[in-house]
Amino acid sequence: MAADQVGHPLGVFDSGVGGLSVLRALRQELPGESLVYLADQAHVPYGPRPLEQVRRFSAGIAHYLLHPSAGLPVKTLVVACNTASAAALHEMRRFFPDTPFVGMEPAVKPAAEYTRTGVVGVLATPATFQGALYASVIERFARGVTVLQDTCPGLVAQIEAGELDSPLTRRILEQALLPMLAQGIDTVVLGCTHYPFVIPLIQSITGSGVRVIDPAPAVARQVRRVLHERRALNPAGPGQVSYLTTGDPARLSALLPALAGENAPVRQLSWGMELQEYAA
Ligand code: DGL
């Protein structure tokens, strides 16, 4: 990375509002950095889609953030989406070898270290469970631990609608968690970046004896390490955030106070115009 990129922003993307849980942690860890947040809400949810399609969307987004129509190219890309990380992280590193990428993987390692009952629950999308990344995490870290999985159908849509505490959101979570509790889980891994926004609801179902792992702070620390190693940390600050969506900008803007802690304008991007699906 060239030294003159120090003042460039970090790129953060997700299918929708989920990556804002990572953005929150990044702003806390790295207040000097400017950020560009891109939500691909034209295509949310990614979770039920074929991995190949998520790969084309993700590569198109990475290409755009590295060659934007306005503003500076990003100096590092945070794939703030477990599904896009599962589908595309490996290929994106291959397509864009000069850019550092930081992705998400379900936090099975800390869960396996923490559990006393030997039973942990993982909540993630179908595509995340299908990917090679999840298989490798289980293979490496889950020896001797029983891992229960659930895809929480409909939960991403509820969170996209800002329904963080509605009866339907509770029902979806109860359907996932009550059978896991009956089998003795003492740890829940949030393997989808949308889910930290319903931690209070999850905790009200599980009780305080169950630990819920949100990986966002660890990911933010990893981004700090990557920037530090490349001498790309921006000491100047304060950082600004620009929000982009491929969906309805008014809808995303309305959710920002609750999910990102600020009022901010959102710019719309369109697939086929600024953004192109990208395949190797
Ligand atoms: N927030 C995403 C994840 O971490 C994607 C959810 C979705 O679009 O299905 O997996």
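Each residue takes its place number in the sequence, starting with 1.
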Of the non-hydrogen atoms in Gly247 and Gln268, which two are nearest, and what is the gap between them?
O-NE2, 2.7 Å
Closest contact, heavy atoms only, Cys152 versus Asp150:
N-OD1, 2.7 Å
Output all residues satisfying salt bridge (Lys or Arg N to Asp or Glu O under 4.0 Å) with Glu274, sequence neighbours left out; order by chain, then residue number.
none
Is there a donor-acceptor contact under 3.5 Å from the side chain of His67 to the main chain of His63?
yes
Can you list the residues that meet the side chain to side chain contact (heavy atoms under 4.5 Å, CB included) rule with Ala62, with sequence neighbours excluded?
Leu77, Met92, Phe96, Phe101
Glu33 and Val6 have their tightest heavy-atom pair at OE1-O, 4.4 Å
Strictly by salt bridge (Lys or Arg N to Asp or Glu O under 4.0 Å), give each pair with a member in residues 188-215 just once, sequence neighbours left out.
none
Contacts of Glu139 that satisfy salt bridge (Lys or Arg N to Asp or Glu O under 4.0 Å) - sequence neighbours left out:
Arg143
How long is the gap from CD1 on Ile172 to CD on Gln158, to the nearest 0.5 Å?
5.0 Å
Apply the hydrophobic cluster definition, ILVMFWY joined by side-chain contacts under 4.5 Å directly or through others, and give me every member besides Leu133.
none
Under the rule for salt bridge (Lys or Arg N to Asp or Glu O under 4.0 Å), what residues qualify as partners of Arg24, not counting sequence neighbours?
none
Please determine whether the number of non-hydrogen atoms from other residues, nucleotides or ligands lying under 6.0 Å from atom CD of Gln276 exceeds 12.
yes
Heavy-atom donor-acceptor pair, Ser253 side chain to Ala264 backbone, under 3.5 Å
yes
Pairs in or reaching into residues 184-195: which pass side chain to side chain donor-acceptor pair (under 3.5 Å), with residues at least two apart or in two chains?
Thr115-Asp186, Thr117-Asp186, Glu160-His194
Could you give the side-chain donor-acceptor pairs of residues 82-89 under 3.5 Å, partners two or more places apart or in another chain?
{"unit_1": "Asn82", "atom_1": "ND2", "unit_2": "Gly191", "atom_2": "O", "d": "3.4"}
{"unit_1": "Thr83", "atom_1": "OG1", "unit_2": "Thr125", "atom_2": "OG1", "d": "2.8"}
{"unit_1": "Thr83", "atom_1": "OG1", "unit_2": "Thr128", "atom_2": "OG1", "d": "3.4"}
{"unit_1": "Ser85", "atom_1": "OG", "unit_2": "Val79", "atom_2": "O", "d": "3.4"}
{"unit_1": "Ser85", "atom_1": "OG", "unit_2": "Cys81", "atom_2": "O", "d": "2.8"}
{"unit_1": "Ser85", "atom_1": "OG", "unit_2": "Met104", "atom_2": "N", "d": "3.0"}

Go through the structure and list residues passing side chain to side chain contact (heavy atoms under 4.5 Å, CB included) with Asp248, not counting sequence neighbours.
Ala250, Arg251
Closest non-hydrogen atom pair, Tyr37 against Gly19:
OH-N, 3.0 Å
To the closest 0.5 Å, what do you measure between OG1 (Thr246) and CG (Leu38)?
7.0 Å
List in chain and number order the residues that pass side-chain hydrogen bond (donor to acceptor under 3.5 Å, both in side chains) with Gln240, two or more places apart in sequence or in another chain; answer none if no residue qualifies.
none
How about Leu164 and Thr169: do any of their side-chain heavy atoms sit closer than 4.5 Å?
no
Donor-acceptor pair, side chain of Arg230 and main chain of His228, under 3.5 angstrom
no
For Phe129, check ring-ring contact (aromatic ring centres under 6.0 Å, His included) against everything at least two apart and list the hits.
Tyr134
Sequence neighbours left out, what passes side-chain hydrogen bond (donor to acceptor under 3.5 Å, both in side chains) with Gln222? Give chain and number order.
Arg225
Measure the shortest side-chain to side-chain distance between Pro73 and Pro68 over non-hydrogen atoms and say whether it is less than 4.5 angstrom.
yes
Under 6.0 Å from the NE2 atom of His43, do we count more than 12 heavy atoms belonging to anything else shown?
yes
